[in-house]
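Scroll down for the structure; my scribbles are underneath it.
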Amino acid sequence: MKSFYIKTFGCQMNVYDGQRISGMLCGLGMMPTDDVTTADLIILNTCAVREKASNKVFSELGRIRNRKKPDALFGIIGCVAREEGANSFRRIPELNFVLGPQSYHKLADIIENPDAKLLNIDLSGLEKFDALPPMIDNPVVAYIPIQEGCNHCCTYCIVPYTRGRELSRSFDDVINDVHAATGAIEICFLGQNVNGYKDKDGKNLADLIQATAKIESVKRIRFTSSYPTEMSDGLIKLFGQEPKLLPFLNMPIQSGSPDVLTRMNRPYSLVLYIDIIEKLRDVCPNIQISSDFIIGFPGELDSDFEMTCDIARRIGYINSYSFKYSPRPHTAAATMDNQIPENIKKQRLKILDDILTENNRTFNESCIGHTMPCLIEGRDKTGGHLLARTPYMQQVIIAATSAAAVAPIQNIKITSANKCSLRGKIV
Ligand code: SAH
Ligand code: F3S
């Protein structure tokens, strides 16, 4: 039996794509392997959002080409494949295939015709979702993409180029995927602009959440990433009405400076952004918000950066992500004037990270003494501890009393906390 090795970089969307591809390859009679030196088919499933991620893929390809079996089929798929296109073959001549994020289902062609060089970086829309089989493994948390691409065109972002215009999957297809994830206790809907989801019949994300909440076996629902101005009143209200919808929302602000937001082509005001959070807190007083931040966007002044720090403190975000601005090909910001030197980006990132870490520590410590329903995700390597997630996605470490299986949702009393995680016990 032939074997395949797949390594996934980047976002949850890629993780999902990787699972579906594995399902397809198993359906073709292949088996997965972790050993790149014996694999018959080697796939790197890639991310192009920042330059570092992109470079990582090529250094990994360089390492693999010297270790793989000479006749192994070897290629890249995903956003770096789309970013680099035919140039990938020039950089790594041993590559057999280069497939963009909407062409994964073409992998079968290279298996049938291994002597060809296969390049397909077309944006063929939602075809892949129909062509790939449902997931084969049965995770407790199922990540389900509900759209491809993005129409927002933030000036720093390569995603609209790599994944194309925004397309929402049909409501029925998504719900079929939810039903197919039979072991899932938590469903996480994925999209670049997930709260802008609208299918051809006008069904929206709130409709998807309500339909999913009716499924008895599903206990928790969340979604990521939200665009601020797409938070409809109906969706906001749902946080107060639907107990299965977790009180945690990732809604990236990116910057606290109105000037920088304008240059990023994120045309919302801070007043509007804060107003959305206030509305959310009115209907769901215990909700927590997470954000993504970009530091050192072209032309970012000290005063702009200060505004970002202010908003980070003011909102009290938890579990947030901060990135140094990385110029990407095919984006408007890459050619803007006043690119910020690396040392300044580094200094600013450290200052913001300290604020975000402090926010996390404050929130984690405020949880001590409280009991929360947590999702048991597994055991640590030694088997001595259970690992769980709170409704706010904090990790909780629980001393396991026995090796016996426990129900997936447990009430956990938090006994201690630090900036990264919590400790607790089952009550
Ligand atoms: N809406 C998307 C965002 C995609 S990229 C989602 O669902 O995840 C994820 C994050 O990467 C963005 O929110 C942004 O903070 C960051 N990012 C995107 N392009 C970037 C760039 N050129 N440099 C640095 N960070 C970037
Ligand atoms: Fe990228 Fe902005 Fe869309 S960050 S994915 S263009 S909302």
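In listed order, ligands and their atoms are each counted from 1. Numbering of residues begins at 1 and proceeds along the displayed sequence. Because the structure is a prediction, the values reported are computed rather than measured.
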ask   = Among the heavy atoms of Asn193, does any lie under 4.0 Å from an atom of ligand 1?
value = no
query = Going by heavy atoms, is Cys150 under 4.0 Å from ligand 1?
reply = no
task = From the options Arg82, Glu148, Lys128, Arg163, select the one residue that forms a side chain to side chain donor-acceptor pair (under 3.5 Å) with Gln102.
result =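 Exactly one candidate clears the test, Glu148.
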note = Per side chain to side chain donor-acceptor pair (under 3.5 Å), His152 is matched among Gln192, Glu230, Arg266 by Glu230
Hey, could you give me the [atom1]/[atom2] distance between [X] and [Y], rounded to the nearest 0.5 Å?
{"X": "Gln147", "Y": "Leu126", "atom1": "CD", "atom2": "CG", "answer": "10.0 Å"}
{"X": "Tyr5", "Y": "Ile42", "atom1": "OH", "atom2": "CD1", "answer": "8.0 Å"}
{"X": "Asn87", "Y": "Ile92", "atom1": "CG", "atom2": "CD1", "answer": "10.5 Å"}
{"X": "Glu365", "Y": "Ile414", "atom1": "CD", "atom2": "CD1", "answer": "13.0 Å"}
{"X": "Ser170", "Y": "Ile146", "atom1": "OG", "atom2": "CD1", "answer": "11.5 Å"}

note = Per-atom filter on ligand 1: closer than 4.0 angstrom to a heavy atom of Arg328 are 22 (N)
request  = May I ask you to check whether Phe189 and Tyr143 place their ring centres under 6.0 Å from each other?
outcome  = no
Which residue owns the protein heavy atom closest to [atom], what's the atom, and how far is it?
{"atom": "atom 22 (N) of ligand 1", "value": "Ser326 O, 2.8 Å"}
{"atom": "atom 4 (S) of ligand 2", "value": "Tyr156 OH, 3.3 Å"}
{"atom": "atom 15 (O) of ligand 1", "value": "Gln254 OE1, 2.7 Å"}
{"atom": "atom 8 (O) of ligand 1", "value": "Ser225 OG, 3.7 Å"}
{"atom": "atom 17 (N) of ligand 1", "value": "Arg50 NH1, 3.4 Å"}
{"atom": "atom 1 (N) of ligand 1", "value": "Gln192 O, 2.5 Å"}
{"atom": "atom 24 (C) of ligand 1", "value": "Lys324 O, 3.3 Å"}
{"atom": "atom 9 (C) of ligand 1", "value": "Asp292 OD2, 4.0 Å"}

ask   = Under 3.5 Å, N or O to N or O, is Tyr325 touching ligand 1 that way?
value = no
request  = Report yes if some N/O of Ile294 lies less than 3.5 Å from some N/O of ligand 1; otherwise report no.
outcome  = no
message = Once you measure the plane-to-plane angle for His330 and Tyr161, does it fall in the parallel (<30°), tilted (30-60°) or perpendicular (>60°) bin?
response =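 His330 and Tyr161: parallel rings.
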request  = Give a yes or no on this: more than 12 heavy atoms of other residues, nucleotides or ligands lie within 6.0 Å of atom NZ of Lys237.
outcome  =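 For Lys237, atom NZ is not crowded (no more than 12 foreign heavy atoms under 6.0 Å).
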query = If you draw a 6.0 Å radius around CG in Asn286, do more than 12 non-hydrogen atoms from other residues or ligands fall strictly inside?
reply =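 Counting neighbours around CG of Asn286, more than 12 heavy atoms of other residues, nucleotides or ligands fall under 6.0 Å, so yes.
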message = Regarding atom 18 (C) of ligand 1: of the candidates Val49, Ile158, Thr224, which has the closest heavy atom?
response =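 Nearest heavy atom to atom 18 (C) of ligand 1 lies in Val49.
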request  = Using 2.8 Å as the cut-off, count the protein N, O or S atoms closer than that to atom 3 (Fe) of ligand 2.
outcome  =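 Near atom 3 (Fe) of ligand 2, the number of protein N, O or S atoms below 2.8 Å is 1.
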Within reach of ligand 1, part of Tyr156 (heavy-atom separation under 4.0 Å) =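 Both parts.
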ask   = So, for Met307 and Pro258, which heavy atoms are closest and what is the spacing to 0.1 Å?
value = SD-CD, 3.7 Å
note = All heavy atoms of Thr8 vs all of Asn45, minimum pair found to be OG1-ND2, 3.1 Å
ask   = Judged by modelled atom types alone, do Ser290 and Asn319 share a side-chain donor-acceptor pair under 3.5 Å?
value = no
message = Below 4.0 Å from ligand 2: does a non-hydrogen atom of Arg266 turn up there or not?
response = yes
